Amino acid sequence: MKDYLDAELRATLAATDGVPDDFEPMLEKPNDPSHGDLATNAALQLARHLRKAPRQIAEELVEALDLDPARIAEVSVAGPGFINFRFAEEFLADALAELLEASRSFGRTADAQGRALVEYVSANPTGPLTVGHGRNAVLGDTIANLLDWAGYDVTREYYFNDAGRQMRVLAESVKARCEALLNPDGPTKTLTVGEGETVEVPASFPEDGYQGQYIVDIARALVDEHGEAAAELSLDACQQAAQETIFAMIERTLERLDVEMDAFFNERSLYDEGKIEATLSKLRDEGTVYDADGATWFKTTAFGKEADTVLVKSTGEPTYRLPDIAYHVDKFERGFDVMIDVFGADHIATYPDILSALDVLGFEKDRVDVVIYQFVTLVRGGEPVKMSTRMANYVTLDELIDEVTADVARFFFLMRSANTHLEFDLDLAKEASDKNPVFYLQYAHARICSVLRKAEEVGFTADAAPDLGLLTHDAEVALIKTLRRFPAEIRKAAQARAPHYVPQYLREVAVAFTTFYDQCRIIGQDEALASARLALARATRIVLANGLTVLGISAPDRM
RNA sequence: GCCCACGUAGCUCAGUAGGAUAGAGCAGCCGCCUCCUAAGCGGCAGGUCGCAGGUUCGAUUCCUGCCGUGGGUACCA
């Protein structure tokens, strides 16, 4: 419908004297439903060019428009010069029929084409996933779902590095714990953790070691397996054991959130295949890399940064930035049309360098989109839950899921825009009541299922082809109008890489449905009307279920 | 210091390719279950859209400065 109006409007404008060729009319859904279903401010925008009063331009445009009355029932000029359009009821009945026909695929479009890569989670296997990783995982997974629904062929990828300093410290932490388990009376030392907190650790434990209980568990498994020999294990063996155990933990956690990756990309493969060197030498060829003080630098000052950035340390070891660049080059070489990175706010300074490098190397950096999300604060009893940067007193993602369920965790991570600091109210999240927004949506779905069951119980058989034109009650019309927007909402969320539009829209659907439910009885009406209303209820269930599917949240049949 | 976000109702947050009286949830107040799920519905109240300038017919939205919060400013990731 929007496309139809847009085309008609453009055609009329093109035939109007004085309208610039490149003029783009805007069509929007007005905030106030009494203003109609779609509106354009074209007359206001043209006022300056045409040197005429906006209202007069609007009147003339309306006069010139020749619209199909089966689709647009009413056109009016209002306010300072807005043109408002109202849909015809026949059109709405058709739209509803289409929705029912599309069913589980309603909302899927083929607007977008090509292959998309979404990179997310990307936590190194040094410990259990935290709440922050949870936000990352759920955002990435949902963006991937949205792109899938928008028509892309989507790959979900997890990038990790098992070679760097972090992993070395991990191995040392495990080894120290092995030694201590075999020799419980061995020497110890005291480490200061965070603000004044101290912890007693084995003397061989690294200063910045990982202190979680899971390290001790891994060590114990090694001791059980190797006995006394566990103390003599190489760091490589310790790392191997730790990495396997931790990756298994991570994958289990992701599975609980219904997050499934298509691929795990190991940074190491970039070294093995010579891609790090190749990328560096190409950058060097472009003259954006130089050597100084024994290190290799990237001229980020040429891209507006204050200082240049080290790519290879004087030790000969690259910083993480170089593999990051090489990784993105690899993504381009694999032929993705769209690449999305989901990063925490603490990475905000790194991606401009990656984009600059891609630009230098001749890649279209616009094909890369970086979604930055802000940190999560857990709130309990009105107070923020303290989380030290040390893993020792971090709330893990598993603990969060244990406490609030995966559905609720996903919804809370998705209901706010990524770019805002998320306050996660644990008390509200756990509450199984009307205060909890996720239950509101699920309840609406369960309620529809209940009505459909009830209809069956009382032996009501709906018409195979109900007369949808009977749905003329205000609540019915409003509901149909809300439902038919679903594909556009999905498209909007996919384009903006903004999952939070979806929960907001679904709430509108649930509100429109409960209003309808409240005002229009279904069972007990005459058969034709009951059939039509049952069809409308089924259509609502489809939209809620499809929307919740995109969000990765269950749609229960009963509650 | 510099860079990047953010600052909207008591609280948590939407909204802004500049547009018609700034929205929602929660909290507060008032109503509503002989009837398909009251985990619900209707209504009331609540705002100098951080502050000050600028651009514009029109600014919560764009620009500048200031204030506040968070993040980044390592040859750590």
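All values reported here derive from a predicted model rather than from experimental measurement. Lettering of chains follows the sequences in order, A, B, ..., and the numbering in each one begins at 1.
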Same-atom distance (C1') from B:C6 to B:C49, integer angstrom:
14 Å
Indicate yes or no for a side-chain donor-acceptor contact from A:Glu119 to the backbone of A:Val342 under 3.5 Å, with no hydrogens or angles considered.
no
Anything under 3.5 Å between a protein N or O and an N or O of nucleotides 72-76 of chain B, put it in a table, one pair a line.
from	atom 1	to	atom 2	distance (Å)
B:C75	O2	A:Ser314	N	2.6
B:C75	O2	A:Ser314	OG	2.8
B:C75	N3	A:Ser314	OG	3.3
B:C75	N4	A:Asp293	O	3.0
B:C76	OP2	A:Lys313	NZ	2.7
B:C76	O2'	A:Arg165	NE	3.3

Between B:C44 and B:C63, how far is it from one C1' atom to the other, in whole Å?
41 Å
For B:A5, does either OP1 or OP2 sit under 4.0 Å from a side-chain N or O belonging to A:Thr420?
no
Pairwise C1' distance, B:G18 and B:A22 [rounded to whole Å]
14 Å
Pull out every protein N or O sitting under 3.5 Å from an N or O of nucleotides 30-32 of chain B, one pair per line with the distance.
none

Does B:G15 have OP1 or OP2 under 4.0 Å away from a side-chain N or O of A:Tyr501?
yes
Taking the ring centre of each residue, are A:Phe343 and A:Tyr373 less than 6.0 Å apart?
no
Which helical stems does RNA chain B take part in, if a stem means at least 3 consecutive Watson-Crick or G-U pairs with both distances below 3.5 Å?
B:1-7 with B:67-73, B:10-13 with B:23-26, B:28-32 with B:40-44, B:50-54 with B:62-66
What is the distance, rounded to the nearest whole Å, between atom CG of A:Leu311 and atom P of B:A77?
12 Å
N/O donor-acceptor pairs under 3.5 Å from side chains in residues 77-85 of chain A, not counting sequence neighbours:
from	atom 1	to	atom 2	distance (Å)
A:Asn84	ND2	A:His35	O	3.1

Expected string for nucleotides 17-29 of chain B under the B/S/- scheme (protein heavy atoms, under 4.0 Å, primed atoms plus P, OP1, OP2 as sugar-phosphate) is B-BBB---SSS--
May I have the list of side-chain donor-acceptor pairs in residues 475-483 of chain A shorter than 3.5 Å, sequence neighbours left out?
from	atom 1	to	atom 2	distance (Å)
A:Glu476	OE1	A:Thr472	N	2.9
A:Glu476	OE1	A:His473	N	2.9
A:Glu476	OE2	A:Arg533	NE	2.5
A:Glu476	OE2	A:Arg533	NH2	3.1
A:Lys481	NZ	A:Asp37	OD1	2.8
A:Lys481	NZ	A:Asp37	OD2	3.1
A:Thr482	OG1	A:Ala478	O	2.8

Between A:Tyr158 and A:Phe265, is the ring centre distance below 6.0 Å?
no
